[in-house]
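So the structure is just underneath, and the comments pick up after that.
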Amino acid sequence: MKKIKSPATFLFLSFFCIPFLLFSTEIKKETRVFAVKDKQELKMDIYSADSVFAFSQPCIVFVFGGGFKEGTRDAKPYEDYFNYFAGNGFKVVSIDYRLGMKGEKAPGLFNNRPLRNAIAMAVADLYSATGFLLQNADELNIDTSRIIISGSSAGAMTVLQADYEKQNARESAKALPNDFRYAGVIAFAGSIFSSEGLPSYTQRPAPTLFFHGSSDKLVPYGQTRFFNLGVFGSKPLAKRFKQQGYPYTFYTMENIGHDVSEYPMKEFLPEIDRFIRDFVFNRKQWMLDINLKDKLRKSDTSTNPGNYYD
């Protein structure tokens, strides 16, 4: 059977057919090794509902959180996110990466080498996973023009950094084809490490969805910098996107800490879905800033690098 690649066809099926199919559709998971690095097998879990979707599917690649020192690709807090999008016509791919901060002390502006190395390794592993998907796209039924990267905490840092380095043609990005671009980025409490001041782009970044708590002390909502060296969180990144006219949506969760690295993957699934359909599929050129204050949510805002790593 010939695969259907039309976005219009995909949207029609998504909105009108999928709700009826989900009741009888079972999500399946397949695990593959996509690379071996430092004697470590790097695996990916591929979630799909292939029995329903005969056309090439958009793909969401997920990078787990854990401060680059811990975490797993199949942790329970991510299950709703994986199953929701797999059931709504996406391939969902959750990947391993090497944990460069394992056994390291808390990073800081003057102790940044371990963190920079950890980010570089994670980005390299994400690129390797992306390359594997590109090479096996026909077999896996993936539309390579619609690969979206998403991540939580350290994973959010990884996906933001990966798109930043790809759009600036950094040496690291040569691992991917020159003409390949990520279709979208979804970051749950992420940031970019830069030695050049507030990150700027030589080519337009992918449409980006930022979620961040304004009281996050582990991954800065704002920025931590010394001259041009620093970690730049969602607030300054969204400001840069707005200045340059790049499409984005930025959810500020007021007075919430690092919890935002996880709970939107349970409680904001329709909003994430809408972002993908508006910004990635329909290519709307919107710049949205949403300040959300949940008076019923209690948050632990005490977590910081000092007590997380030590």
Side-chain angles (χ1 to χ4, degrees), residues 1 3-4 10 13-14 17-37 40-66 70-99 122 125-144 146-156 158-159 162 182-188 261-270 272-273 276 280:
M1 179 181 292
K3 295 178 183 179
I4 301 170
F10 175 80
L13 290 169
S14 297
C17 300
I18 290 171
F20 300 100
L21 295 168
L22 286 178
F23 291 106
S24 59
T25 301
E26 182 177 348
I27 306 303
K28 69 176 186 179
K29 182 174 81 169
E30 175 187 1
T31 301
R32 295 200 183 189
V33 175
F34 67 85
V36 178
K37 299 184 181 183
Q40 177 184 348
E41 284 190 339
L42 299 177
K43 298 179 181 180
M44 59 171 59
D45 293 332
I46 305 170
Y47 298 80
S48 60
D50 280 339
S51 59
V52 175
F53 305 102
F55 48 86
S56 294
Q57 297 173 250
C59 178
I60 296 177
V61 180
F62 181 76
V63 186
F64 64 82
E70 59 189 356
T72 60
R73 67 181 187 274
D74 57 354
K76 192 168 182 60
Y78 311 138
E79 288 180 359
D80 289 345
Y81 184 61
F82 298 162
N83 291 332
Y84 179 92
F85 283 102
N88 277 278
F90 293 77
K91 290 282 185 178
V92 180
V93 179
S94 185
I95 69 167
D96 284 337
Y97 61 95
R98 291 166 292 167
L99 300 175
D125 294 345
L126 172 56
Y127 286 161
S128 294
T130 304
F132 180 91
L133 296 175
L134 294 176
Q135 292 170 9
N136 296 278
D138 288 342
E139 178 196 349
L140 295 174
N141 206 30
I142 289 173
D143 182 347
T144 59
R146 292 188 290 177
I147 295 179
I148 300 160
I149 48 176
S150 67
S152 165
S153 189
T158 300
V159 299
Y182 290 113
V185 178
I186 302 170
F188 304 102
S261 64
E262 289 188 358
Y263 78 77
M265 285 182 276
K266 289 181 177 289
E267 300 180 24
F268 285 80
L269 291 170
I272 299 166
D273 197 356
I276 293 171
V280 178

Can you find a pair of side-chain heavy atoms, one from L133 and one from L140, that are under 4.5 Å apart? yes

Rounded distance [0.5 Å steps], CD1 in I46 versus CD1 in I95: 11.5 Å

Identify the two heavy atoms, one from A35 and one from S128, that lie closest to each other, and give their separation to 0.1 Å. CB-CB, 4.5 Å

Quick one: side chain to side chain contact (heavy atoms under 4.5 Å, CB included) partners of A156, sequence neighbours excluded? A187

To the nearest 0.5 Å, what is the distance between CD1 on I276 and CD1 on I60? 4.0 Å

Is it the case that the side chain of S152 and the backbone of S261 share a donor-acceptor pair, with hydrogens and angles ignored and the cut-off at 3.5 Å? yes

Could you tell me whether Y81 and F188 have their ring centroids closer than 6.0 angstrom? yes

Looking only at heavy atoms, the pair that brings V159 and S150 closest together is CG1-O, 3.5 Å

Shortest non-hydrogen separation from F34 to K43 and the atoms involved: CE2-O, 3.4 Å

Nearest 0.5 Å please: distance from the OG1 atom of T31 over to the OH atom of Y47. 7.5 Å

Answer yes when D96 and R73 have at least one side-chain N-carboxylate O distance shorter than 4.0 Å, and no when they do not. yes

With a 4.0 Å cut-off on N to O distance, would you call E30 and R32 a salt bridge? yes

Which atom of A154 lies closest to which atom of G66, heavy atoms considered: CB-N, 4.2 Å

Atom CZ of F85 and atom CD1 of I272: how far apart are they, to the nearest 0.5 Å? 5.5 Å

Result of checking I147, V280, I148 against Y182 for side chain to side chain contact (heavy atoms under 4.5 Å, CB included): I147

Would you call Y84 and D273 a side-chain contact if the rule is heavy atoms closer than 4.5 Å? yes

How far does CG of N136 sit from CG of N141, to the nearest 0.5 angstrom? 12.5 Å

Mind checking the CG-CG spacing from D125 to L99? Nearest 0.5 Å is all I need. 9.5 Å

Aromatic ring proximity, centroids under 6.0 angstrom, F64 and Y78: no

What pair of heavy atoms forms the shortest contact from K266 to D80, and how long is it? NZ-OD2, 3.1 Å

Contact summary for S56 and R146, nearest pair of heavy atoms: O-NH2, 4.2 Å

